[in-house]
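Here the structure is a predicted model, which means the values were calculated and not measured. The figures that follow rest on heavy atoms only: side chains count, while hydrogens, waters and symmetry mates do not.
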Amino acid sequence: MPSCVDSSTHVGTSPLRHRDLRTFLIGQSAGVTGSSIGSVVIPVLADRCSGRHQLIIVT
């Protein structure tokens, strides 16, 4: 029974050689980084603008 994927042609190839995957991973990384930064920066800016200076960080 023949195999659908010939393993000899895929030896040593990295998934990162595919441009679409690299583009997807870069986009996901940027999105996660932006969300993480935004979840810290927005409350800090709101606190600074309010004038109260009572920042409470909940983890």
Side-chain angles (χ1 to χ4, degrees):
M1 183 168 170
S3 173
C4 293
V5 177
D6 185 10
S7 63
S8 64
T9 60
H10 297 298
V11 174
T13 59
S14 171
L16 294 177
R17 288 184 163 265
H18 299 282
R19 185 174 186 261
D20 290 340
L21 179 62
R22 286 193 316 262
T23 304
F24 172 75
L25 290 176
I26 289 169
Q28 287 295 313
S29 298
V32 168
T33 302
S35 294
S36 299
I37 290 172
S39 66
V40 172
V41 171
I42 291 172
V44 169
L45 288 176
D47 180 64
R48 301 255 180 195
C49 292
S50 70
R52 293 183 297 141
H53 302 297
Q54 298 175 355
L55 181 63
I56 299 172
I57 298 176
V58 178
T59 58

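In this structure, Pro43 and Gly38 approach most closely via the heavy-atom pair CD-O, 3.9 Å.
When the options Arg19, Arg17, His18 are evaluated for a side-chain contact (heavy atoms from CB on, under 4.5 Å) with Leu21, the one that passes is His18.
Counting only distance, with no hydrogens or angles, the side chain of Ser35 and the backbone of Val32 share no donor-acceptor pair below 3.5 Å.
Taking hydrophobic clusters as Ile, Leu, Val, Met, Phe, Trp and Tyr residues chained together by side-chain heavy-atom distances below 4.5 Å, Ile42 does not share a cluster with Ile37.
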